[in-house]
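Inspection log for the structure reproduced underneath, given as structure tokens.
Worth knowing before you read on, the calculation uses all heavy atoms, side chains too, and leaves out hydrogens, waters and symmetry mates. Starting from 1, each residue takes its place in the sequence as its number.
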Amino acid sequence: MSIYGVAAEERRDLSKAEIKALRNRSLRLLGTSVRPLRKRIIVTMGMVIISTIAQVAGPTLLAIGIDKGLGALTSTGDWKPSLWIALAYVCLSALGGTMLMLYRRSSTTISQSVMFDLRSKMFEHTQKLGVSFHEKYTSGRVIARQTSDLDTVREFLDGGISDLVSGSLYILFTGIALVSLDPQSAIPIVVAFVPLYFFARWFAGQSRLAFRESRIWSARLIVQFVETMTGIRAVKAFRREPRNDASYTVNALKYRDANRRVIGLFGTFDPGLKLIGNITMVVVLVMGAFRVVHGEMDIGVLLAVVLYSRRFFDPVQNLTMFFNSLQNASSALEKISGVLEEDPSVAEPEHPVPLPNTGGTLCLNDVTFAYGEASPVFKNLSITIEGGQTVALIGTTGAGKSTMAKLISRFYDPTGGAITLDGVDLRQLANDDLRRSVVMVTQEAYIFSGSIADNIEIGKPGATFDEIVASAKAVGAHEFISSLPDGYDTDVNKRGGRLSAGQRQLVSFARAFIADPEVVILDEATASLDIPSERLVQQGLTTLLAERTAIIIAHRLSTVSIADRVLVMEHGEVIEDGTPEELISASGKFADLHAAWRSSLA
């Protein structure tokens, strides 16, 4: 099975080679964000080294103070050695504290810079990914990647790496200081590393699996929550609350059990570390006590080596927290890097071809297309739509009307054949040129948060207020916009909740009009409107389509009446082609549909 992109996101049967490949992918992603910060990282490492050396020097100064300073004070009354040692201790403490403060600030700057880079990459890449990706990868999962997973990485960068760096350096410098003071006292610590190594290795393997399981159930909870809240009207309309509660409870229980396993592992690992550390310290103390009694060790040195042996295992606790953050962040980075590894299904051409301004002629040349492994929707379909022509696509559900609209908008690429605009293959056009030339208005007139003017300006970023007003007047939206409390500055609320369905559609028409495309596609743009609302947008629709190539997908024949040409589709094929008058006078499917529509009006 593949581990490319998001394919392995919920797999639990990964081999060691696959786990290694995913880890390397995550590290490469982290490396690309860290690499520009190399100089700051080097300076930060210098700070933590100085801080750690200052901390580690403390017990050695105590040993010198007890054995030398106090000795001089009690034997000769000379207090200067003790004073100098005390002064050195204070200075080292101040230096260590200052360097630690600077290190914390610098490491926070580094972590936030990395997080900014990761967030930007995620947002930009998610937008670049094709419609095919977003149709199979739910918005809840995207939100989980942008929120909980990135927050987990942030926690690791803020605390986990700090624990690793300071803990590792502290162990290193403590070991050097201990060997310098008394090599024999270091033997029990070296021996203790044997069980410590196997214990840590066991924990690393178990926690990796446990954290991965935890991230899977966390993502599922977020997905279900987002989908439930997004479709809250349907949930209430069909009384799905009890069923959703039951499903959410199952996922929450799974998430709880996964976290319980994680906590259980730490409940074993933490006491185990303390046990190994305490036993080691007792052995060092007993060995040292015998040597002090026999005059082989000074009391100050014994105090120092006991402190070192105790402090030696304190950073191991920090390293435990690092393992905690690492395993959690690794699972999160694995999913983030998977999304970033996905290639856009509709790629930008390496050498775009300029689009000639010749009128918007569309040609489908032997087009074949299928969604993934499903049966082909189209097989060798060929259609030519002349520039400035308004064509209506009619057919039953599943005939291929919306699929054709998606192909012409280049939300998907055909698996065979080509689609050209003014003689240029859509795959050779720069995305900016294509989006300026082809605009789709869908059944759901999506309105973004902000003002009405902001929503119209989306069609032409940087448009002046006069241009916005002119586009609204052209499609018949100016009158209702002017009647709103703040006119064009009226906040439309979430998804245009302040506007009626007809008003939202008029705003979407104004947005398309100001974009001034060569080709306009209306995908069931009036299907959700009642008769008064449809009449409201009909005039705006006529203005929008004037002197442009237009493709209308509609079930309502009142919308089809403005078309120059009608294509009747069935099972991915065109079964009738002609003007509305020609098809009505014939004895075909369109004539039957038109007769039924006229009867419904009687």
Listed by chain and number, what are the ring-ring contact (aromatic ring centres under 6.0 Å, His included) partners of Tyr255, not counting sequence neighbours?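 Testing Tyr255 for ring-ring contact (aromatic ring centres under 6.0 Å, His included), a comparison that skips the adjacent residues, returns none.
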Under the ring-ring contact (aromatic ring centres under 6.0 Å, His included) rule, collect the residues that match up with Phe123, sequence neighbours excluded.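 ring-ring contact (aromatic ring centres under 6.0 Å, His included) check on Phe123 returns nothing, list empty.
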Residue pair Phe480, Val507: steps toward the side-chain contact (heavy atoms from CB on, under 4.5 Å) verdict: CA-CA 10 Å; Phe480 95 79; Val507 171; 3.9 Å; yes
Show the nearest heavy-atom pair for residues [X] and [Y], with the distance to one decimal.
X      : Y      : value
Ile408 : Leu426 : O-CD1, 3.4 Å
Pro580 : Val566 : CG-CG2, 3.8 Å
Ser26  : Ser330 : OG-O, 4.2 Å
Ser33  : Asp117 : OG-OD2, 2.5 Å
Tyr488 : Ala472 : OH-CB, 3.2 Å
Val424 : Pro354 : CG2-O, 4.2 Å

Checking [Y] against [X]: is there a side-chain donor and acceptor pair closer than 3.5 Å?
X      : Y      : result
Ser402 : Asp523 : yes
Thr228 : Tyr248 : no
Asp454 : Ser451 : yes
Thr32  : Lys121 : yes
Ser247 : Gln224 : yes
Asp366 : Ser382 : yes

Quick check for you: to the nearest 0.5 Å, what is the distance between [X] atom [atom1] and [Y] atom [atom2]?
X      : Y      : atom1 : atom2 : value
Leu340 : Lys335 : CG    : NZ    : 14.0 Å
Glu518 : Thr361 : CD    : OG1   : 9.0 Å
Ile452 : Leu506 : CD1   : CG    : 10.5 Å
Leu407 : Ile419 : CG    : CD1   : 4.5 Å

Please lay out, stage by stage, how Asp151 and Arg119 fare under the test salt bridge (charged side-chain N to carboxylate O under 4.0 Å, His left out). CA-CA 10 Å; Asp151 282 341; Arg119 288 187 193 279; 3.4 Å; yes
May I have the step-by-step check of side chain to side chain donor-acceptor pair (under 3.5 Å) for Thr368 and Thr415, ending in yes or no? CA-CA 6 Å; Thr368 299; Thr415 52; 5.6 Å; no
Ile553 and Leu522, any side-chain heavy atoms less than 4.5 Å apart: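 SC-SC contact between Leu522 and Ile553 ruled out.
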Can you find a pair of side-chain heavy atoms, one from Asp149 and one from Val153, that are under 4.5 Å apart?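 A side-chain contact is absent here, since even the closest heavy-atom pair is not under 4.5 Å.
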For [Y], is there an ion pair with [X] - N to carboxylate O distance below 4.0 angstrom?
X      : Y      : answer
Lys589 : Glu576 : no
Asp432 : Arg436 : no
Glu341 : Arg25  : yes
Arg548 : Asp564 : no
Asp577 : Arg565 : yes
Lys406 : Glu135 : yes

Quick one: which residue pairs count as a ring-ring contact (aromatic ring centres under 6.0 Å, His included) with a foot in residues 415-441, not counting sequence neighbours?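 Every candidate ring-ring contact (aromatic ring centres under 6.0 Å, His included) pair involving residues 415-441 fails, so no pair, neighbours aside, qualifies.
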Does the pair Ile394 and Met569 meet the rule for a side-chain contact (heavy atoms from CB on, under 4.5 Å), with working shown? CA-CA 6 Å; Ile394 302 297; Met569 300 189 68; over 6 Å; no
Would you call the rings of Tyr137 and Phe133 parallel, tilted or perpendicular if under 30° counts as parallel and over 60° as perpendicular?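 The arrangement is parallel - the two ring planes meet at less than 30°.
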Could you go step by step and tell me if Gln505 and Ser508 meet the side chain to side chain donor-acceptor pair (under 3.5 Å) rule? CA-CA 5 Å; Gln505 201 62 276; Ser508 71; 2.7 Å; yes
Step-by-step side-chain contact (heavy atoms from CB on, under 4.5 Å) determination, Val439 to Ile521: CA-CA 6 Å; Val439 169; Ile521 302 172; over 6 Å; no
Trace of the side chain to side chain donor-acceptor pair (under 3.5 Å) decision for Asn259 with Ser214: CA-CA 6 Å; Asn259 284 330; Ser214 175; 2.9 Å; yes
Quick check on Glu348: does its CD atom have over 12 non-hydrogen neighbours (other residues, nucleotides or ligands) under 6.0 Å away?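 Count over threshold, so yes.
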